[in-house]
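Values reported hereafter were calculated over all heavy atoms of this structure, with side chains retained and with hydrogens, waters and symmetry mates removed.
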2 protein chains.
Amino acid sequence: MMVRAEAKTGADLREACLTEALAIISASGVEKLSLREVARRLGVSHQAPYRHFASRDHVLAEIVRRAFADFASALRSPPHTDNPATDTLAMGMAYVAFAFAEPLKYRLMFGGTLPEPDAHPEMMRGAREAFNVLRAALVRLFEARGQQPDHDLIDREALFAWSSLHGVVSLMRTDAIDTLDLAPSARAAFVAHALQKVGTALGIDVQGTRTTGGSQ
Amino acid sequence: MMVRAEAKTGADLREACLTEALAIISASGVEKLSLREVARRLGVSHQAPYRHFASRDHVLAEIVRRAFADFASALRSPPHTDNPATDTLAMGMAYVAFAFAEPLKYRLMFGGTLPEPDAHPEMMRGAREAFNVLRAALVRLFEARGQQPDHDLIDREALFAWSSLHGVVSLMRTDAIDTLDLAPSARAAFVAHALQKVGTALGIDVQGTRTTGGSQ
DNA sequence: GCCAAATGTTGACAGTGTCAACCTGCGAGA
DNA sequence: TCTCGCAGGTTGACACTGTCAACATTTGGC
């Protein structure tokens, strides 16, 4: 009984477990992830995945780890210009774009139910990296203004930007927003509106700069 | 074998199930909630809870419903003054205060893993109510300025405020923040900093107004 | 005092994560 | 070339879960 490509074994099987697990999560939610179902779909015994992962949580931790790594990479991807303000704005847009392009990964990272970070230290490495990308952008921004990049101030500003972006995105994905009886136009324009406000709060002049839309 | 107060029956048992379920969630997380464990702790048979709740998700939905109701009530609690600006700010502080005072409930409401809202329509009533409290505050704010309370604009501003507050709070509770190597002072001052910025973005002058601290 | 409805119990079934024991094929060392 | 070890896969078991079905018991209304 071979359900997928049969020859999967060794490292291939490990990789196949991860993709199949992601497929299950994508289709039925993280709480429905079952290693037995993964094994069933791959046509292997129910214990085969345990040769590559110590537990169900270890599978999840690896998926989350990769999601954070992708996320950090996405934040790094916009090329630097000589204008730190537009660079910072571009990073904000990259943040929102990633959240919309990969809602599943985003939900996994920030959705709440993730394995104990203490038990899976490598899982959060990408999270730290991503935050440091934001920190660095703000340091450049402050330096370009001739301001002293005070460590505490940078951290506060970075946290504010981070939390605003997270708030925007997570609000758009929360079930709650579907029940708020919003005017459709309000929802569509919200992201641009919010990004502009965050930019303004950070002292970035966004006059005339195009901010991305992206409904839903 | 009576583990708790024995006489629980009827509506009492229903209530006892809810408090015991909340205790389990508080101690071990929502994914560890087991109706059999609830029954065991209450000294009743494993099916007794099913006389009062159709399924595990229905228990959760009721807990979440009450959390939303409490939340809406907390947002309504600050008394109105004749100054809509300070009223709005007070509501923002009430939001953050509730999140810090009831982290478990807050996590349940906005943490991601909650029962299908379609299957539990009553669950989200409080969420709508809470959002309408914010809407009303902003309408008063705009009217006091002599601005036309444009429906779309109100919705956008409300969503921005909502998402910023949610961002602030959820960032403080995410596991992610523990791994960011922050200066302790940055974390302590962050809430006040963020509230002030959100107020500024909404055009509220917070000069001299005390904003709350509350360190996690 | 009786009947019916509400409530609680017992038993079963399918599904899950995970430990333990077993088998198997393959590559390194003799 | 033979053998031995071991990584990788399988089978079986156990304890746990949610939930259905059938039974028992309590209780309030007539």
Whole-Å distance separating the CZ atom of R14(B) from the P atom of dG8(C): 12 Å

Closest of dT17(D), dT16(C), dG18(D) to the R40(A) side chain is dT16(C)

Rounded to the Å, how far apart are Y50(A) OH and dT11(D) P? 17 Å

From NE2 of H58(B) over to P of dT19(D), roughly how many Å is that when rounded to an integer? 10 Å

Ignoring hydrogens and geometry, is there a side-chain-to-backbone donor-acceptor pair from S26(A) to L22(A) under 3.5 Å? no

Whole angstrom value for the distance that separates P of dA7(D) from NE2 of H52(A): 12 Å

Quick test: give all pairs of protein nitrogen or oxygen and nucleotides 21-27 of chain C nitrogen or oxygen below 3.5 Å, distance rounded to 0.1 Å.
none

Heavy-atom contacts under 4.0 Å between residues 25-36 of chain A and DNA chain D, which residues? R36(A)

Does this structure show an ion pair linking E37(A) with K32(A), if we count only N-O contacts that are shorter than 4.0 Å? no

Would you say the side-chain atoms of S28(B) pair up with the backbone N or O of I25(B), donor to acceptor, closer than 3.5 Å? no

Gap between atoms CZ and P, on R56(B) and dT16(C) respectively (whole Å): 15 Å

Spacing between F53(B) atom CZ and dT17(D) atom P, to the nearest angstrom: 18 Å

With rounding to the nearest 0.5 Å, note down the distance linking CZ in F131(A) to CE in M124(A). 12.5 Å

Indicate yes or no for a side-chain donor-acceptor contact from T88(A) to the backbone of P84(A) under 3.5 Å, with no hydrogens or angles considered. yes

Show every donor-acceptor pair shorter than 3.5 Å between a side-chain atom in residues 60-67 of chain B and any protein atom, with sequence neighbours excluded, or say none if there are none.
{"residue": "E62(B)", "atom": "OE1", "partner": "R65(B)", "partner atom": "NE", "Å": "3.1"}
{"residue": "E62(B)", "atom": "OE2", "partner": "R65(B)", "partner atom": "NH2", "Å": "3.1"}
{"residue": "E62(B)", "atom": "OE2", "partner": "R66(B)", "partner atom": "NE", "Å": "2.8"}
{"residue": "E62(B)", "atom": "OE2", "partner": "R66(B)", "partner atom": "NH2", "Å": "3.3"}
{"residue": "R66(B)", "atom": "NH1", "partner": "E15(B)", "partner atom": "OE2", "Å": "2.6"}
{"residue": "R66(B)", "atom": "NH2", "partner": "E15(B)", "partner atom": "OE2", "Å": "3.1"}

Can you tell me how far the OH atom of Y95(B) sits from the NE2 atom of H166(B), to the nearest 0.5 Å? 6.0 Å

Between H58(A) and S55(A), do the side chains contain a donor N or O and an acceptor N or O under 3.5 Å apart? yes

Residue pair D87(B) / P79(B): nearest heavy atoms and the distance that separates them: OD1-O, 4.0 Å

Rounded off to whole Å, could you give me the CZ-to-P distance for the R41(B) and dT17(D) pair? 11 Å

What nucleotide among dT17(D), dT10(D), dT9(C) has an atom nearest to a side-chain atom of A48(A)? dT10(D)

Please give, in whole Å, the distance from dT25(D) P to L13(B) CG? 19 Å

So for H46(A) and dG9(D), does any side-chain atom that can act as donor or acceptor lie under 3.5 Å from a complementary atom in the base? no

Closest listed nucleotide, where the reference is the side chain of S45(B) and the choices are dG18(D), dT11(D), dG8(C): dG8(C)

